Each structure stands twice: as structure tokens, then as C-alpha cells.
There are 2 protein chains.
Amino acid sequence: MADVAAAAGVSAMTVSRALRRPDTVSEEVRARVEEASRRLGFVPSRVASALASARTMTVAVLIPSLTNAVFIDLLAGVQETLTPQGYQPLVGITGYGPEAEERVLRTQLAHDPDGVILSGLHHTPGTWDLLRSLTIPVVHTMDLSVEGDLMAEGAQDDCPVQTVGFSQFDAGYAVGAHLAARGRRRIGLIAGQLDPRTRQRCDGWRQALRDAGRHDPALELMVPDATSVALGAELLERALATHPDTDALFLCNDDLAQGALFQCARLGIPVPERLAIAGFNDLAGAAWTVPPLTTVATPRRAIGVEAARLLIAGMENRTPQSRENPRRVDLGFRLMVRETT
Amino acid sequence: MADVAAAAGVSAMTVSRALRRPDTVSEEVRARVEEASRRLGFVPSRVASALASARTMTVAVLIPSLTNAVFIDLLAGVQETLTPQGYQPLVGITGYGPEAEERVLRTQLAHDPDGVILSGLHHTPGTWDLLRSLTIPVVHTMDLSVEGDLMAEGAQDDCPVQTVGFSQFDAGYAVGAHLAARGRRRIGLIAGQLDPRTRQRCDGWRQALRDAGRHDPALELMVPDATSVALGAELLERALATHPDTDALFLCNDDLAQGALFQCARLGIPVPERLAIAGFNDLAGAAWTVPPLTTVATPRRAIGVEAARLLIAGMENRTPQSRENPRRVDLGFRLMVRETT
DNA sequence: GCCTCGTTTGTTAGCGGTAACATCCTCATC
DNA sequence: GATGAGGATGTTACCGCTAACAAACGAGGC
């Protein structure tokens with residue numbers, strides 16, 4: 001920067017100003033500095049800038065996994081919103097464990113991010129303590145804050161939480177209600193990857209079936225394993241083996257649903273005639289399976305975009321963090337009724 | 001750090017040493033410093049550390065897209081290898097454009113990463129200039145260096161290139177040869193997302209068919225669009241409409257292949273009896289389609305792991321960068337022959 | 001023509017660590 | 001017991017930039 005300053009015949013401070021806030025220097029100086037800067041191939045060190053200004057222009061983004069398309073879409077939304085504003089996402093993978101999340105968050109914080117985006121609302125008490133002590137904005141995603149729920153998890157009133165997501169419960173309820181409305185009587189559930197969001201979906205589905213008077217706990221098959229097409233195929237067989245009279249199934253994830261669908265084709269089980277199948281998330285390809293899969297479209301990318309927007313607003317202090325800024329953004333979901341039901 | 005130093009009754013320098021290289025301080029001091037550090041909740045600022053030591057402990061990782069599972073797997077491999085060593089990946093998305101790549105690389109370099117991982121070997125001359133001027137290690141992935149090829153792209157002998165990948169050409173060749181060996185005579189090609197790697201696969205396939213004396217350019221259907229299940233379904237119909245006698249198809253990506261497979265089911269085209277289908281990448285679920293998809297398993301995650309390992313070796317200067325360090329790591333591929341062929 | 005005010009530029013002092021060197025101490029060696 | 005080597009700790013001077021304040025300058029207003 002000193003070299004650029006010398007070349008342009010100004011002080012280093014003026015170079016800094018000319019490059020960061022061109023409107024604060026005279027037109028002529030700005031031109032001279034830009035020319036010199038370009039000619040010398042000057043790239044300002046963000047590290048030094050960060051140290052001096054206490055702004056790193058980075059954002060910690062914690063997601064459970066890179067292999068789950070849901071969070072990749074979230075990340076894509078975050079990324080495409082942060083980058084144009086000059087922010088660099090720092091991706092951290094928590095592996096679905098609250099303890100690992102706390103650990104990852106701590107290491108990310110050593111990088112002094114200007115903001116944090118978390119997945120879900122279920123954190124360790126230690127994480128909540130940490131968040132409460134932070135002076136940078138934090139946004140939680142993929143879930144919505146619910147009073148009682150938060151208290152149970154360790155968040156207090158003095159820790160205002162910003163969330164962007166949709167109601168997993170309502171979405172699960174919608175699927176259950178849909179299957180019941182289709183006249184199905186023996187409606188089962190298959191779930192893997194039992195994170196809090198999956199559980200809420202299941203809770204919603206369960207409530208819907210109870211409301212319809214058709215809930216049978218025996219038809220629930222929940223396993224902790226990560227979801228996959230293979231698992232879906234396997235669990236479908238297991239579910240039908242134990243309860244051959246099942247006439248509808250809610251698979252808590254589209255990959256499970258696709259696996260189940262494949263397995264039905266293999267076993268010669270007509271879908272939806274003999275068995276209705278519903279998935280969740282509307283992943284790529286769900287509309288193209290044979291038959292096309294009924295599922296719930298979730299606004300994953302939009303959640304990422306909105307979370308990043310809120311965060312940027314907080315980081316630039318454009319709004320007093322609580323008043324105008326919505327604390328809770330519900331982006332909804334859409335039941336995509338296709339041919340498997 | 002000064003507070004910790006005071007609390008432990010030592011100098012700041014000793015605190016720094018005690019935390020970074022515990023073996024360089026006495027057992028007793030180390031214990032005192034750790035206790036004080038923990039008690040005060042001290043988190044060393046990586047930003048300051050970076051400025052003082054000229055090591056940011058970050059690595060720029062440039063990939064074309066977040067929505068392509070291939071690069072997500074690569075990223076996962078990189079991430080899981082870098083993180084335990086204390087490195088933080090800085091993910092940059094280039095959108096498949098060499099110009100965008102150069103732009104993204106420039107902004108990433110402002111963060112002073114200690115190393116760079118790039119996707120592919122096809123960069124702009126500006127990017128090559130930039131790379132040549134860097135003093136940090138760079139690893140190229142998903143592709144292998146080929147003398148003539150590199151020269152054409154602007155790399156020179158004075159810019160030693162480290163690559164980790166596999167031969168896209170050979171992999172394409174393997175598919176072509178397989179289809180020919182299966183006795184298919186009218187073998188077509190469907191490709192989207194025409195990046196250099198896809199083109200090399202197509203080149204390999206073409207060569208195989210020529211060697212078998214069965215190459216008919218009319219059976220090639222190449223479109224620039226991003227690949228997807230939907231596109232696969234659409235292109236299958238288009239291909240069969242123009243050339244109904246096609247009896248085998250190589251789809252350059254598994255999502256295309258899955259779409260094609262779905263469409264065959266829909267149109268009542270028996271696979272593989274009337275039409276053989278082969279995909280590429282062995283994405284999740286390929287083994288579970290109906291019938292299971294013949295495809296090529298590519299070592300994407302392993303490439304990420306190996307690239308990160310090489311990079312770490314370079315960053316820690318454990319090897320003189322060229323001698324022992326392999327310049328070109330071929331991780332191979334595997335043709336997964338399943339039922340669609 | 002003098003004063004005030006706003007704009008533009010410069011000066012100074014760090015941000016929070018670490019490299020490099022200096023110093024101090026301990027202990028084996030002769 | 002003096003000597004030197006080597007390990008442990010301290011001191012100094014930055015790393016490259018920016019906040020905050022100071023100074024210089026020009027443009028009205030009286």
C-alpha cells in the first residue's frame with residue numbers, strides 16, 4: 001500500500017480511502033490511486049484490514065452435513081447472497097451432533113466472523129452461552145422458534161433469537177392429512193436421520209393421523225441411520241414384512257421415498273393403487289420418478305438467502321437488530337401432490 | 001493474551017508459545033497458562049496470528065457449482081482432511097466459467113490463503129499468470145495433466161502443476177468399449193454441461209466407438225444446459241425421435257441417465273433389451289434404480305482427500321514440492337456394470 | 001478581507017499476535 | 001569451580017492496514 005501511495009503521490013491512508021470508499025476522496029486522487037493500484041497489481045490484505053478495522057468480512061455458516069442436499073441448497077442460498085456483498089462464508093460441518101456443533105462453532109469464532117448462521121435451534125447449553133456472549137448477529141435456520149421449545153433448550157429471554165425457516169410440524173401434518181384425505185386407512189411412517197427437524201415432521205404427521213382417528217404406532221419405523229436411497233429400499237421391505245396391510249407410507253425424506261419407490265417397482269407393488277407413497281423436500285428428480293413422487297417442497301435456498309440478508313442487515317447495523325427486524329421469518333412449504341398418492 | 005499472561009505470571013510471548021507449541025515451554029508454565037487461558041475464556045485471534053506469522057491457516061477451494069454432487073463430494077473430502085489439521089476451507093463458486101474462476105480466485109487471494117485447490121486444468125491465461133506468481137502451493141483436481149493440453153491452456157514449464165484426478169478420456173473410452181462389447185451397434189451419446197471434463201469423456205467414448213468401427217456422429221446429442229433428471233428425460237425422447245434405431249446410450253452424467261431411465265419406463269421401452277443405458281459418476285442411488293444403472297464410479301471424495309493431503313504437505317514444506325511429491329496422482333475409476341447394459 | 005464551515009488529505013497510534021534475537025538459568029564436563 | 005551448551009523465558013519490533021484526530025485548503029457569508 002505504501003508503494004501505491006508513493007506511486008500515486010499520496011499517503012497510505014488516502015490509498016485506503018480511495019479504494020474502500022471512493023466517494024470520500026477527490027475525483028482526481030481516486031483516478032491516480034486506481035491507476036497506480038492496478039499498475040502495481042495491488043491486492044489489499046484482508047487480514048490486515050480485519051485486524052485494524054475489527055471486521056473480517058467473513059460469516060460462519062454451520063450445517064450438519066455436506067452430503068444432504070437440503071443443506072447444500074441452504075448453503076448455496078447463503079453463498080450467493082453473501083458473496084456479492086463482499087462477505088466470505090466459512091463453512092463448518094457439525095455432523096448432526098450438538099456437541100460437535102459447539103466445538104466447530106468455537107473454532108470458527110477464532111476467525112472472528114462478523115456473523116453466524118446456524119442450522120436448527122437445538123444447541124447445547126454451552127452453545128447458547130457462547131451465542132449469548134457474542135456481539136455479532138446470529139441467525140438460526142430451517143426451523144422456527146417456538147416459545148416453550150426454546151426455553152427447554154437453554155435459550156433465555158435475554159437471548160433474542162432470529163430464525164428463518166418453516167414449520168416442520170405443520171409440513172408433517174400436511175402430509176398426514178393428505179394421506180388420510182386420500183382415504184388411506186393403514187398409514188405408516190418411515191424415518192431415518194432422526195434429527196430434531198425430522199422428529200418434528202413425524203410429530204406433525206402423527207397429530208394429523210390422530211386427528212383423523214387413524215394413528216397406529218405400530219406402523220412407525222424410525223431408525224437413526226443417515227437417509228439414502230438404499231435405506232429407503234431396505235426399510236420399505238421391512239415395513240411391509242411386518243405390516244403387509246399398510247396402504248400408505250410417509251417417508252421423511254425424498255431419498256428414502258425414491259428408494260421405496262424403486263423397491264416397489266422391483267417387488268411389483270403397484271403405486272399408488274396398493275400403496276401410496278409420500279416423500280419430503282422435493283429434491284431434484286422427485287417430479288420425474290415413475291410415478292412422479294408426492295412430496296413437500298421446502299424453501300431451502302430461499303431460507304439461505306433470507307438468513308444471509310437478515311445477517312447482513314444486522315452486520316451493517318442498518319436496523320436496530322430487534323425492532324424492525326423480524327425475529328421469525330416463516331417461508332412456508334408447499335405440498336406437491338403428484339401421482340404416488 | 002496480555003491478561004492471560006498476567007494471570008499466569010508470564011510474558012505474552014510465553015502464552016503464545018504455551019498454546020501453540022506446548023513442547024517448547026516448561027511443564028509447569030504450560031499448566032499455569034492453560035489454566036489461566038481456560039479460566040479467562042481466552043480465544044487467540046487467528047486474524048492477528050495470521051498477520052504476524054504470515055500464515056492464515058485457510059485454503060481457497062474453488063469449485064464450479066454447489067448443485068453438482070460431484071464437486072460436493074470433492075469438497076467433503078477436502079473439508080474432512082483440512083479441518084483436523086486446523087485449516088479452514090474458503091469455498092469459492094466459479095459457475096463453470098474460467099473468467100469467473102479468475103475473478104473468484106482474485107478475491108480469495110485477498111484473504112491470503114496458505115494454499116489453493118482448483119477444479120480442472122482449464123483456466124484463463126490471467127489465472128495461469130496469477131498462479132505462477134503465487135508462492136503458495138496449488139493443486140488442480142478432477143483432471144490429469146497432459147503435456148500438450150497444458151501448453152495450449154497457457155501453463156508453461158516454469159509453472160509445475162500438481163494434479164489429482166483420473167483420466168476422463170479413459171473413463172469415457174471404457175464406457176464406449178463396454179457398450180460395443182455388449183454387441184450394441186447403434187450407440188448414441190447424450191451430454192449436457194459441456195465443461196472440459198465432459199468433453200474429454202465424450203472424446204474417449206468417441207474413440208472407443210471408432211476403434212470398434214461403430215461411430216456415427218449423428219447419434220451424438222450435446223447440449224450446453226446444466227444436467228438434471230428432467231433434462232435426461234427430455235433428451236432421451238429427443239434422441240429416440242430422431243434416431244429410433246438407437247440401441248445403446250451413454251449419458252454423460254448419472255442424473256441424465258436416471259432421467260432417461262425414468263422416461264424409458266414411462267414410454268414402455270425395455271431396458272436393457274431394447275435400449276442399453278450407461279451413466280457416469282455412480283451418484284447415490286444409481287445402484288437402486290430399476291433396473292440398476294451401469295455407470296462409472298469416480299473417486300471424487302478420494303480426490304478431495306488426496307488433494308488436501310498434497311496441499312498440506314506443500315504448505316508445511318515437508319517435501320521440496322517437486323522431488324518426492326508426485327506431480328500427478330491418478331486415482332483411477334471403476335466401470336460399474338449393472339443391469340441397464 | 002476575515003472568519004467559519006465543510007471537504008480533502010495527512011499523521012499517529014494502534015489492532016493482537018509472533019519472529020527474531022537477547023537474556024537468563026541449569027547442568028554436564030573438565 | 002569455571003565453562004559452555006542448550007533449554008526456557010523475555011524484549012523488541014514489527015505484520016499491513018484503518019480509526020481517530022489534526023491540518024490544510026477552498027468557498028461562502030458578513
Side-chain angles (χ1 to χ4, degrees), chain A residues 1-37 40-58 86 88 107 109-114 135-136 315-317, chain B residues 1-37 40-58 86 88 107 109-114 135-136 315-317:
Chain A
M1 188 179 263
D3 293 348
V4 175
V10 295
S11 71
M13 191 65 237
T14 300
V15 173
S16 173
R17 276 195 280 252
L19 297 178
R20 286 184 308 147
R21 311 197 25 220
D23 53 304
T24 60
V25 300
S26 71
E27 176 62 23
E28 191 229 334
V29 163
R30 191 185 56 65
R32 281 216 316 275
V33 169
E34 280 187 353
E35 191 278 326
S37 168
L40 298 179
F42 174 61
V43 179
S45 160
R46 285 204 176 226
V47 173
S49 169
L51 187 58
S53 69
R55 305 204 65 214
T56 57
M57 298 304 281
T58 62
Q88 168 71 232
T107 69
L109 289 179
H111 288 271
D112 280 319
D114 293 338
T135 57
I136 54 175
M315 294 187 298
E316 316 209 318
N317 258 328
Chain B
M1 188 179 263
D3 293 349
V4 174
V10 294
S11 72
M13 192 63 237
T14 300
V15 173
S16 174
R17 276 195 280 254
L19 297 177
R20 285 185 307 147
R21 315 199 20 223
D23 54 304
T24 61
V25 299
S26 71
E27 177 62 23
E28 189 230 333
V29 163
R30 191 186 56 63
R32 283 217 314 274
V33 169
E34 280 187 354
E35 191 278 327
S37 169
L40 298 179
F42 174 59
V43 179
S45 160
R46 285 204 178 227
V47 172
S49 169
L51 186 58
S53 69
R55 308 204 62 213
T56 57
M57 298 303 283
T58 62
Q88 169 69 233
T107 69
L109 288 180
H111 288 272
D112 278 319
D114 293 337
T135 56
I136 54 175
M315 293 188 297
E316 316 208 320
N317 257 326

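Not measured: the values here are computed from a predicted model. Reminder, nothing fancy here: chain letters follow the sequence lines and each chain counts from 1.
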Non-hydrogen side-chain atoms of B:Ser45 and A:Asp112 separated by less than 4.5 Å
yes
Find out whether B:Val33 and B:Val10 are in side-chain contact, i.e. whether some heavy atom of one side chain is under 4.5 Å from a heavy atom of the other.
yes
Could you tell me how far apart [X] ([atom1]) and [N] ([atom2]) are, to the nearest whole angstrom?
X        : N      : atom1 : atom2 : value
B:Asp23  : D:dG6  : CG    : C1'   : 15 Å
A:His111 : C:dG17 : NE2   : C1'   : 15 Å
A:Met1   : D:dT18 : CE    : C1'   : 8 Å
A:Met13  : C:dC15 : CE    : P     : 17 Å
A:Asp112 : C:dG17 : CG    : C1'   : 12 Å
A:Phe42  : D:dG16 : CZ    : C1'   : 8 Å
B:Leu51  : D:dG16 : CG    : P     : 7 Å
B:Glu27  : D:dA8  : CD    : C1'   : 14 Å

Report yes if a side-chain nitrogen or oxygen of [X] is closer than 4.0 Å to either non-bridging phosphate oxygen (OP1 or OP2) of [N]; otherwise report no.
X       : N      : answer
B:Thr14 : D:dT9  : no
A:Arg20 : D:dA19 : yes
B:Ser11 : D:dG10 : yes
B:Ser49 : C:dT18 : yes
A:Arg21 : C:dT9  : no

Between [options], which nucleotide has the shortest distance from any of its atoms to the side chain of [X]?
X       : options               : answer
A:Ala52 : D:dT9, C:dG16, D:dC17 : D:dC17
A:Val29 : C:dT9, D:dT9, D:dC17  : C:dT9
A:Ser26 : C:dT18, D:dC17, C:dT9 : C:dT9
B:Ala48 : D:dG16, C:dG16, D:dT9 : C:dG16

Ignoring hydrogens and geometry, is there a side-chain-to-backbone donor-acceptor pair from A:Arg46 to B:Ala110 under 3.5 Å?
no
Show the numbers, then the answer: is there a side-chain contact (heavy atoms from CB on, under 4.5 Å) between A:Val43 and B:Leu109?
CA-CA 8 Å; A:Val43 179; B:Leu109 288 180; 5.6 Å; no
Taking donor-acceptor contacts at under 3.5 Å, does the side chain of B:Arg17 reach the base of D:dG10?
yes
Residues A:Arg30, A:Glu27: salt bridge by 4.0 Å N-O rule
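Looking at A:Arg30 and A:Glu27, the cut-off is met.
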Reading DNA chain D from 5' onward, which residue's closest nucleotide shows up sooner: B:Ser53 or B:Val10?
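It is B:Val10, whose closest nucleotide lies nearer the 5' terminus.
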